[in-house]
Amino acid sequence: MAKHGKKYRAARATIDPAKRYTFQEALELATGSIFCKFDETLDIAVRLGVDPRHADQMVRGTVVLPNGLGKPVRVLVFAKGEKVKEALDAGADHAGGDELVDRIKEGWLEFDKTVATPDMMGAVGKIGKVLGPRGLMPNAKLGTVTFDLQKVVKEIKAGKVDFRVEKTGIVHAPMGKVSFGQEKLIQNISAFIDTLIRLKPTAAKGTYVRGIAISTTMGPGIQIDPLAVKTIVA
């Protein structure tokens with residue numbers, strides 16, 4: 001296992017592993033110990049009281065972060081006819097039909113998110129083995145299989161985040177760039193936590209939000225008191 005560098009160890013030394021911080025305290029620690037030259041992303045991990053092995057306890061959804069992610073998102077739309085122009089007018093970076101499917105078959109993957117109209121899913125299914133493992137497959141449950149391209153493309157460009165609980169019961173998601181500052185990051189975190197709470201499965205018993213941690217791209221994790229959720233979610 002690789003050893004962490006001196007700067008990482010110095011940042012970790014400022015954190016009490018036994019303490020559960022407020023969001024404000026955790027953000028001050030996370031953003032105050034940045035040691036990389038690039039603008040790091042703040043990530044959040046939330047441990048939920050669910051068992052994802054049961055379909056009625058699966059937590060999956062999307063949220064449009066009020067302050068976005070702080071980075072450009074390249075959107076590809078699978079569509080045909082007038083829908084191609086609609087997608088491009090909405091801000092899509094690429095839009096088309098079978099020709100895009102063929103390019104992807106040849107190894108082209110210069111995009112971050114995909115959207116498809118329902119009538120294109122037969123063709124898109126042919127590259128499911130390429131898109132699926134990379135988390136790039138359009139999905140009706142996430143709203144990315146739709147004829148309402150203008151709405152979806154604009155949401156993705158604005159900072160729409162897809163999330164899904166892992167087998168361990170943990171949900172990971174990016175919350176924006178460290179350079180946003182504490183207020184904007186809190187607003188993004190609040191929107192994300194609020195969405196998670198609204199998606200609580202009726203089959204989930206006991207405490208729902210059991211643990212929260214935040215970290216920057218290169219920094220150590222900081223544990224947050226789950227009860228602190230009440231201070232940022234109305």
Side-chain angles (χ1 to χ4, degrees), residues 15-34 39-52 54-71 73 113 135 139 141-144 152 155-217 219-234:
I15 301 165
D16 182 351
K19 182 176 179 179
R20 298 297 179 264
Y21 295 90
T22 66
F23 282 99
Q24 290 77 10
E25 291 171 337
L27 283 172
E28 287 176 5
L29 285 170
T31 59
S33 57
I34 295 296
D39 191 6
E40 297 184 46
T41 295
L42 184 84
D43 297 301
I44 191 169
V46 181
R47 183 164 58 88
L48 301 175
V50 298
D51 185 347
H54 301 290
D56 59 357
Q57 294 189 49
M58 173 56 66
V59 178
R60 181 175 190 171
T62 64
V63 59
V64 178
L65 300 179
N67 300 300
L69 287 170
K71 65 177 182 180
V73 180
K113 297 283 185 179
N139 188 307
K141 292 182 179 179
L142 296 177
T144 49
V152 174
E155 284 183 344
I156 293 174
K157 286 287 188 176
K160 183 179 180 181
V161 173
D162 304 331
F163 58 86
R164 178 177 183 173
V165 66
E166 300 172 357
K167 293 180 181 179
T168 55
I170 297 175
V171 178
H172 289 93
M175 290 291 103
K177 295 294 184 179
V178 169
S179 61
F180 281 9
Q182 187 173 129
E183 183 178 350
K184 288 185 177 181
L185 289 172
I186 285 285
Q187 290 171 355
N188 280 359
I189 292 171
S190 177
F192 174 67
I193 296 289
D194 182 62
T195 301
L196 272 185
I197 291 174
R198 286 190 287 104
L199 290 174
K200 179 182 178 180
T202 55
K205 305 300 180 183
T207 303
Y208 181 53
V209 178
R210 297 188 175 182
I212 305 172
I214 64 170
S215 62
T216 58
T217 304
I222 303 170
Q223 298 293 323
I224 293 173
D225 184 353
L227 294 178
V229 166
K230 297 178 181 179
T231 67
I232 65 166
V233 176

Close side-chain approach of Leu142 and Arg60, heavy atoms under 4.5 Å = yes

key: Any residue meeting side chain to side chain donor-acceptor pair (under 3.5 Å) with Glu166, in chain and number order, not counting sequence neighbours   = His172

note = Of all heavy-atom pairs linking Ile15 and Pro220, the shortest is CD1-CG, 3.6 Å

ask   = Counting N and O atoms only, with roles assigned by atom type, does the side chain of Lys167 sit under 3.5 Å from a partner on the main chain of Pro52, one being a donor and the other an acceptor?
value = no

key: Distance, nearest 0.5 Å, that separates CD1 of Ile222 from CG of Asp16   = 11.5 Å

request  = With sequence neighbours left out, write down each residue that passes side chain to side chain donor-acceptor pair (under 3.5 Å) with Thr62, or none if nothing qualifies.
outcome  = none

ask   = If you draw a 6.0 Å radius around NZ in Lys157, do more than 12 non-hydrogen atoms from other residues or ligands fall strictly inside?
value = yes

ask   = Are any non-hydrogen side-chain atoms of Ile44 and Ile189 less than 4.5 angstrom apart?
value = yes

Nearest-0.5 Å distance, CD1 of residue Ile232 to CG of residue Asn188 = 10.5 Å

query = Where do Gly61 and Leu199 come nearest, in terms of heavy atoms and distance?
reply = CA-CD1, 4.1 Å

key: Heavy-atom side-chain proximity of Asp39 to Val178 below 4.5 angstrom   = yes

request  = Write down the atom of Ala191, the atom of Val63, and the distance for their closest heavy-atom approach.
outcome  = O-CG2, 3.7 Å

query = Closest heavy-atom contact between Ile214 and Ala26?
reply = CD1-CB, 3.6 Å

task = Please confirm whether the backbone N or O of Ile186 pairs with a side-chain atom of Ser190, one donor and one acceptor, at under 3.5 Å?
result = no

task = Mind checking the CG-CE spacing from Leu27 to Met175? Nearest 0.5 Å is all I need.
result = 11.5 Å

task = Identify the two heavy atoms, one from Leu69 and one from Pro174, that lie closest to each other, and give their separation to 0.1 Å.
result = CD2-O, 3.7 Å

query = Counting distance only, does the side-chain N/O of Asp56 pair as donor-acceptor with the main-chain N or O of Ala203 below 3.5 Å?
reply = no

task = Measure from the side-chain N and O atoms of Gln57 to the backbone N and O of Asp51, and report whether any donor-acceptor pair falls under 3.5 Å.
result = yes

task = Please assess Val209 against Leu196 for the test side chain to side chain contact (heavy atoms under 4.5 Å, CB included), listing each intermediate value before the final yes or no.
result = CA-CA 9 Å; Val209 178; Leu196 272 185; over 6 Å; no

ask   = Do the non-hydrogen side-chain atoms of Phe192 and Val171 ever get within less than 4.5 Å of each other?
value = yes

ask   = Roughly how far, to the nearest 0.5 Å, is CD of Glu183 from CD of Gln24?
value = 11.0 Å

key: Arg198 vs Asp194 side-chain heavy atoms within contact, under 4.5 Å   = yes

note = One should read off an interatomic distance between Lys113 NZ and Glu155 CD, to the nearest 0.5 angstrom, of 12.5 Å

ask   = Does Val46 reach the side chain of Phe163, with side-chain heavy atoms less than 4.5 Å apart?
value = no

ask   = Atom CD in Glu28, atom OH in Tyr21: separation rounded to 0.5 Å?
value = 11.0 Å

ask   = Do you know which two heavy atoms are closest between Thr22 and Ala228, and how far apart they sit?
value = CA-CB, 4.4 Å

request  = Any pair with a residue in residues 205-217 that passes side-chain hydrogen bond (donor to acceptor under 3.5 Å, both in side chains), sequence neighbours left out, goes on the list, sorted by first then second residue, please.
outcome  = Glu40-Thr216

task = Apply the test side chain to side chain contact (heavy atoms under 4.5 Å, CB included) to residues Phe23 and Ile212: give CA-CA distance (whole Å), side-chain angles for both, the deciding distance (0.1 Å), then the verdict.
result = CA-CA 10 Å; Phe23 282 99; Ile212 305 172; 3.9 Å; yes

